[in-house]
Amino acid sequence: MKEQKKHIVFIANPISGTAGKQFVVKLIEEYLDRSRYTYSIATTERVGHATELAQKAVREGADIVCAIGGDGTVNEVANGLVHTQTALAIIPSGSGNGLARHLRIPTDPLNAIKILNRGMTQVMDYGIVNGKSFFCTCGVGFDAFISQKFAESGKRGPVSYLENVLNNSLKYHPETYDVEIVNNKDNEEIHQACKAFLISCANASQYGNNAYIAPSASVRDGMMDVTIIEPFTAIEAPLIATQLFSGTIEQNSRIKTFQCQKVKIHRSQPGAVHYDGDPIMMGEDVEVELMAGGLLCVCPAEEGMPEVEVRVQNFITEHFRNMYNKTEELIQQNMLKTQRITQLNKDILRKLSGK
């Protein structure tokens, strides 16, 4: 008996990240396995629209909903899929692509489509911070502060993000937090007051762009990895930055890590919180809880930080792929401009000839 084809709804965010989405759509048309899948494509028009489109896809019986965009788009799509039988898939097209990188989904769209063609489905956890779902990381402190500045700048891409980090790192003043770790591995509660540069609650291992805030994190272990970075000096900053990108930050004496299912954070005043890179203002009390096994995802069985050799290879491949994609995008734009000019010339000649 012939196996029934599964249906995929692709949801594309036309403004996320830096890569052209039309190029990705062209690759889907050419390389998606039609013997396995039928598909349709929807485009987001506003904030929150991807969640609505994902929920509609669930109601209409879609087997998979694939986010084409960055972590913000992935967050919105996944929000519409939690606790359903419809699986999330990702074709990374954003600035950081933190969850996709953790799940070993290639940032090259063609190879991401090949992962989709394999059709391997895994169960993964997600988190909730004061009622907002996140799938990669959330946090308070400097990372939330930078997310807010990044959003206010109106610019996208890793270069803009780095500019915000460099411009604001010396202006940021660490806060004092009251932290309560609940339901850790030993079923104990840990309560402490601490001054912190940031507190990160991680379902996945990295923020994005291979910045590993919780190198040991897993989206399948039913536990959340809490990382507290204590205040540090300007002399110590380069080492911490190097360890963040090398995946060795847990070795630093300024870093405290915990695994738990829930954490309660109290601060002296309201402020920014980020969830999957998007900032939001919240009150003095921030409660973060992990929800085990609430989402299906099409991705490899492996997850987390790959070996150094693989990371270097991925970096080189991604660099040249971005150059190729940008060139391809410019070629397409020039072709459209040429077509418009040609058509305009024809219209002018027709008017001049009176035909």
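The basis for the numbers below is simple: all heavy atoms, side chains too, and nothing from hydrogens, waters or symmetry mates. The residues of the chain are indexed from 1 along the displayed sequence.
Using a 4.5 Å cut-off on side-chain heavy atoms (C-beta onward), Thr257 and Val226 make no contact.
Atom NZ of Lys256 has more than 12 heavy atoms from other residues, nucleotides or ligands within 6.0 Å.
In this structure, a donor-acceptor pair under 3.5 Å is absent between the side chains of Glu76 and Thr73. Using modelled atom types, one finds no donor on one side chain facing an acceptor on the other under 3.5 Å when comparing Asp63 with His7. Judged purely by distance below 3.5 Å, without hydrogens or angles, the side chains of Asn75 and Asp71 never pair a donor atom with an acceptor atom. Counted by atom type alone, Asp143 and Tyr207 present one or more donor-acceptor pairs between their side chains at under 3.5 Å.
The CD atom of Gln192 sits 7.0 Å away from atom CD1 of Ile181, with the distance rounded to the nearest 0.5 Å. Note: Glu230 CD to Ile240 CD1 = 9.5 Å, rounded to the nearest 0.5 Å. Separation of atoms CD1 (Ile229) and CZ (Phe197) is listed at 7.0 Å; rounding is to 0.5 Å. The CD1 atom of Ile8 sits 9.5 Å away from atom CZ of Arg36, with the distance rounded to the nearest 0.5 Å. Note that the CD1 atom of Ile228 and the OH atom of Tyr177 stand 10.5 Å from one another [nearest 0.5 Å]. Rounding to the nearest 0.5 Å gives a distance of 10.0 Å between OG1 of Thr227 and CG of Leu244.
One finds no salt bridge joining Glu52 and Lys56 here, because no Lys/Arg side-chain nitrogen approaches an Asp/Glu carboxylate oxygen to under 4.0 Å. Glu303 and Arg104 are not joined by a salt bridge, as no carboxylate oxygen comes within less than 4.0 angstrom of a charged side-chain nitrogen.
A side-chain donor-acceptor contact under 3.5 Å links Asp221 to the backbone of Met223. For the pair Asp178 (side chain) and Ile265 (backbone), a donor-acceptor distance under 3.5 Å is absent. When atom types are taken as modelled, the side chain of Arg34 and the backbone of Glu29 share a donor-acceptor pair closer than 3.5 angstrom. Formation of a donor-acceptor pair under 3.5 Å by the His102 side chain with backbone atoms of Ala204 is not found in this model. Checking side-chain atoms of Ser218 against main-chain N and O of Arg220 turns up a donor-acceptor pair under 3.5 Å. Looking only at distances, a side-chain donor or acceptor of Arg101 sits under 3.5 Å from a matching main-chain atom of Gly96. Not a single donor-acceptor pair under 3.5 Å links the side chain of Asp276 to the backbone N or O of Gly72. Between the Asn111 side chain and the Asp108 main chain, no donor and acceptor come within less than 3.5 Å of each other.
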Listing, residues 281-288 side-chain donor-acceptor contacts under 3.5 Å, not counting sequence neighbours, or none:
residue : atom : partner : partner atom : Å
Asp285  : OD1  : His266  : ND1          : 2.7

